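Small disclaimer: the values here were computed from a predicted structure and weren't measured. Each chain gets a letter, A, B and so on, in the order its sequence line appears, and its residues count up from 1.
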There are 2 protein chains.
Amino acid sequence: MTAQTIPDRCETCVIRHRAICAALTKDELKSMNRIARQRIIAAGQVISSELEPGTAFANIVSGVVKLTKTLADGRQQIVGLQFTPDFLGRTFAEENPYSAEAATEVELCSFPKAEFESILKRHPGLEHRLFADTLNELDAARDWMLLLGRKTAEEKVATFLHMLAKRVPNIGCTHSEELNYARFILPLTRGEIADYLGLTLETVSRQMTKLKKSGVLNVIDNRDITVPSMDALSQVAGD
Amino acid sequence: MTAQTIPDRCETCVIRHRAICAALTKDELKSMNRIARQRIIAAGQVISSELEPGTAFANIVSGVVKLTKTLADGRQQIVGLQFTPDFLGRTFAEENPYSAEAATEVELCSFPKAEFESILKRHPGLEHRLFADTLNELDAARDWMLLLGRKTAEEKVATFLHMLAKRVPNIGCTHSEELNYARFILPLTRGEIADYLGLTLETVSRQMTKLKKSGVLNVIDNRDITVPSMDALSQVAGD
DNA sequence: CGTTATGTTGATAGCCGTCAACATACGTGG
DNA sequence: CCACGTATGTTGACGGCTATCAACATAACG
């Protein structure tokens with residue numbers, strides 16, 4: 001067995017087999033481990049700013065990160081939400097096209113820009129993995145364009161909750177695919193949800209109330225959401 | 001000199017040095033040429049359908065292709081516009097996440113799926129180029145999310161025309177970057193523009209009239225657009 | 001010359017944004 | 001422990017931007 005050659009913290013890492021690290025050989029993993037650094041980011045802290053040069057890349061070990069773009073007069077749009085084993089950072093660009101901000105407390109496994117790009121250059125397998133991830137993100141972005149351009153406020157909120165239920169850790173149940181039930185904690189405020197859906201926070205609040213009254217949701221304490229039937233939610237979401 | 005080893009039609013190809021072919025060595029170019037086939041698609045024809053397996057990839061030699069997604073009840077959103085030397089096709093996925101349709105007459109240089117993927121697997125340089133292109137498309141998609149979620153109808157139309165002026169061949173002038181003037185032919189109908197901007201065709205028409213009256217545009221024959229000052233247009237676009 | 005596709009303009013309606021008041025939770029400091 | 005300020009969330013009243021419905025104009029085409 002050569003398992004001992006894997007760095008300890010990678011061996012015990014919860015995202016070892018789901019993050020980009022899954023695409024690495026043992027030697028590559030060692031190189032990555034040598035430059036990796038763990039970081040805890042408090043909720044609300046900016047990780048990297050729009051139009052400024054990036055300094056690092058990172059895996060999200062836990063927590064939720066929002067990617068935002070802002071117009072000159074302050075109007076803001078969340079253009080991406082990233083969850084647990086997602087990779088953070090725009091490769092092959094000097095400047096960030098958007099800001100990254102911790103929506104919850106976030107745990108990162110971070111890599112300095114220059115060193116990471118140097119490893120990337122030498123390992124086509126890693127680049128292939130990043131490419132595949134990027135294609136999936138592009139698909140997700142285009143799904144969201146359909147939502148932003150053509151869905152009603154109610155459909156937008158329902159679609160958002162449906163997506164969250166599938167991507168965020170659920171409470172007190174396994175992540176069984178057949179399970180037609182979900183319970184989770186909202187990682188975003190009403191205002192942030194609005195910025196993700198192209199709405200105002202008041203409209204988001206009203207639609208949540210509406211979904212609650214129609215029995216599609218049970219809401220405890222404003223952040224603790226229960227979905228009795230994911231099928232019903234999917235119905236309201238419009239696709 | 002080894003220039004003679006480049007296939008004739010590639011040697012004379014107008015997108016030879018701008019399409020993905022620019023990332024190929026002479027030998028790779030020969031392999032690609034062997035499987036390439038020229039195709040002319042009439043305006044309005046579907047190139048590939050949503051949720052169906054793709055059968056080919058292609059370079060756009062000339063023309064404009066729209067990528068669309070449609071909800072069950074018929075609401076449609078254009079999630080991408082592709083122009084002259086863009087690459088068409090979703091690598092590493094069985095099914096297309098969206099439809100591709102010719103907006104104008106389109107000239108393609110097309111490659112069968114299996115053969116292209118086989119070449120791709122053997123040539124990391126080609127994959128690197130596709131990766132870089134995909135990252136740019138993701139950035140563009142996120143810019144569009146900001147437009148769809150947060151911009152007004154007038155800003156949307158102005159942003160769209162500004163983007164077109166920079167990407168579509170202009171009439172009677174070089175593509176000089178400093179030139180604060182543009183003239184081009186709209187490749188889309190009012191209805192298609194609406195589907196790209198998350199509006200109705202009536203609203204698009206009204207905003208075009210408004211921009212015309214305010215002097216930001218000169219419109220001849222509904223499709224022939226002149227922009228006297230790109231700066232002024234950019235101003236109205238809101239960024 | 002009729003038919004169809006495309007585009008413009010007007011009247012009206014409705015969804016969602018804006019403004020505002022109030023409720024609740026949380027943390028800080030007296 | 002309570003007072004206070006701040007952040008977050010809900011609900012109501014009202015208004016405006018954009019969708020809807022409709023009539024008409026123009027161009028393209030067989």
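For the pair A/K151 (side chain) and A/A237 (backbone), a donor-acceptor distance under 3.5 Å is present. The main-chain N or O of B/L199 is found under 3.5 Å from a side-chain atom of A/R150 such that the two form a donor-acceptor pair.
In this model, the phosphate group of C/dC15 is not approached by any side-chain N or O of A/T152 to a distance below 4.0 Å at OP1 or OP2. When the side-chain nitrogen and oxygen atoms of B/N222 are compared with OP1 and OP2 of C/dT8, one or more of them lie within a distance under 4.0 Å. Contact between the side-chain N/O atoms of B/S205 and the OP1/OP2 oxygens of C/dT9 is not found at any separation under 4.0 Å. Side-chain N/O atoms of A/T203 include one lying less than 4.0 angstrom from OP1 or OP2 on C/dG17. Between B/T200 and D/dT18 there is no side-chain polar atom (N or O) within less than 4.0 angstrom of OP1 or OP2. For the OP1/OP2 pair of D/dT10 and a distance below 4.0 Å, the side-chain nitrogens and oxygens of A/R190 include at least one atom meeting the criterion.
Ring geometry, A/W144 versus A/Y196: the interplanar angle falls under 30°, so the pair is classed parallel (tilted spans 30 to 60°). Using a 30° and 60° split on the angle between ring planes, B/F57 and B/F116 fall in the tilted class, from 30° to 60°.
Between A/L138 and the choices B/L135, B/V79, B/L138, the side-chain contact (heavy atoms from CB on, under 4.5 Å) rule is met once, by B/L138.
For the pair A/K156 NZ and C/dG17 C1', the computed distance is 12 Å after rounding to whole Å. Per the geometry, CD belonging to A/E202 stands 12 Å off P belonging to C/dA20, to the nearest Å. We find that CZ of B/R223 is positioned 14 Å from P of D/dA27, with the value rounded to whole Å. One atom, CG of A/D221, and another, P of D/dG9, lie 10 Å apart when rounded to the nearest Å. What separates CG of B/D224 from P of C/dG7 is a distance of 14 Å, to the nearest Å. Here D/dG9 presents its P atom at 10 Å from CG of A/L188, a figure rounded to the nearest Å. Computed from coordinates, the B/L186 CG to C/dT6 P distance equals 14 Å when rounded to whole Å. Atom CG of A/L199 is separated from atom C1' of C/dG17 by 10 Å (rounded to the nearest Å).
Residue contacts for B/L201: at a heavy-atom cut-off of 4.0 Å it reaches a base atom on one of the strands shown. Looking at heavy-atom distances under 4.0 Å, B/G198 makes contact with sugar-phosphate atoms alone, never a base.
Side chain B/R206 to base C/dG10: a donor-acceptor pair is found below 3.5 Å.
Comparing B/M208 and B/R150, the nucleotide of DNA chain C nearest to each residue sits closer to the 5' end for B/M208.
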